[in-house]
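When a ligand or atom number is given, it counts from 1 through the structure's own listing order. This structure is a prediction, so every number in the text was calculated from the model and none was measured.
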Amino acid sequence: MEGRKSRENHPECGYAYVRIWQVRVSAAVEVAPSILAADFACLGDAIRAVERGGVSLLHVDVMDGHFVPNISIGVPVVASLRKATRLQLDVHLMIENPEQYIEAFASAGADMISVHQEATPHLDRALAMVREHGCKPGAVINPATPVAMLSEVLGKVDHVLVMSVNPGFGGQAFIPEATEKIRELREIRDRHHYNYRIEVDGGIGPENVAEVVRAGAQILVAGTSIFHTADPAAAVREMAHLASEALAQRV
Ligand code: DX5
Ligand code: ZN
């Protein structure tokens, strides 16, 4: 919960009172391992490892070779993941015509579905479809897209995903301008009493966890820095620890 106090006067009797605005936003920061960086021949093992690390989300990158220059995971893999784990499946659609596939990913077992602002002229419709199919809708922006492009949907989403790399590949370097976008999204949420969580994706690791968490990030997607280590469970725990320390320092 985050709160904000304001001193106000009753509109009719003029009685002065303090109003406490409550914004339903969880203070906890979650690490969402991106299985794009895992060994696809041993996905079950990868999932068990991050479950041991204590995560509750699994980030699933869906790429079509058109919206991004890479092809990755599709509906059947999401259905298999659903059978293999009770973790929440955070499906990140990096595909053209996302509306065409929302129902299939929802039926396959997605819990959260994120749609890129750049991927459809009908973002509002796509987000509504996600909710109609029982999943949490999220809007995503690429590094070149300003937060302002989401102004009309921020009141309708459960999360906003800020890309801190150009989507398509794991293992890229964090683009530092993402931090300011996270801060901006946090300020907009506070000002308008919106409910979305702020997620960041790309180049996240122990070296920049504190920076993005202090800015306001609440879901940290990380692939390489978790699965390309000898002990993914330990990597998750370390990032979660760094996140909670940074949260405690946040003013
Ligand atoms: C990039 C994907 C990311 C990617 C992150 O297009 O959306 O989720 O897996 O990988 P790392 O953490 O290696 O940057
Ligand atoms: Zn992603």
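Of all N/O/S atoms in Asp201, OD2 sits nearest the Zn ion (ligand 2). The N, O or S atom of His92 with the smallest distance to the Zn ion (ligand 2) is ND1. The name of the N, O or S atom in Asp61 nearest to the Zn ion (ligand 2) is OD1.
For the atom pair Asp61 CG and Asp90 CG, the distance stands at 8.5 Å (nearest 0.5 Å). His92 NE2 to Ile113 CD1: the interatomic distance, rounded to the nearest 0.5 Å, is 12.5 Å. To the nearest 0.5 Å, atoms CE (Met129) and CD (Gln100) are separated by 9.5 Å.
Proximity of a side-chain donor or acceptor of Arg189 to a complementary backbone N or O of Tyr196 within less than 3.5 Å is detected.
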Using a cut-off of under 3.5 Å, which N/O atoms of ligand 1 pair up with protein N/O atoms, and what distance separates each pair?
unit_1: ligand 1; atom_1: 6 (O); unit_2: Gly168; atom_2: N; d: 2.8
unit_1: ligand 1; atom_1: 7 (O); unit_2: Asp61; atom_2: OD1; d: 3.0
unit_1: ligand 1; atom_1: 7 (O); unit_2: His92; atom_2: ND1; d: 3.3
unit_1: ligand 1; atom_1: 7 (O); unit_2: Asp201; atom_2: OD2; d: 2.9
unit_1: ligand 1; atom_1: 8 (O); unit_2: His59; atom_2: NE2; d: 3.4
unit_1: ligand 1; atom_1: 8 (O); unit_2: Asp61; atom_2: OD1; d: 3.1
unit_1: ligand 1; atom_1: 8 (O); unit_2: Asp61; atom_2: OD2; d: 2.7
unit_1: ligand 1; atom_1: 8 (O); unit_2: Asp201; atom_2: OD1; d: 2.7
unit_1: ligand 1; atom_1: 8 (O); unit_2: Asp201; atom_2: OD2; d: 3.0
unit_1: ligand 1; atom_1: 9 (O); unit_2: Ser34; atom_2: OG; d: 2.8
unit_1: ligand 1; atom_1: 9 (O); unit_2: Asp61; atom_2: OD2; d: 3.0
unit_1: ligand 1; atom_1: 12 (O); unit_2: Gly223; atom_2: N; d: 2.8
unit_1: ligand 1; atom_1: 13 (O); unit_2: Gly171; atom_2: N; d: 2.8
unit_1: ligand 1; atom_1: 13 (O); unit_2: Thr224; atom_2: N; d: 3.1
unit_1: ligand 1; atom_1: 13 (O); unit_2: Thr224; atom_2: OG1; d: 2.4
unit_1: ligand 1; atom_1: 14 (O); unit_2: Gly203; atom_2: N; d: 2.8

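Between Arg82 and Asp111 there is a salt bridge, since a side-chain N of the basic residue sits under 4.0 Å from a carboxylate O of the acidic one.
Taking every heavy atom of both residues into account, His59 and Ala32 meet most closely at CB-O, 3.9 Å.
Relative ring orientation between Tyr194 and His192 is described as parallel, the plane-to-plane angle staying below 30° on a 0-90° scale split at 30° and 60°.
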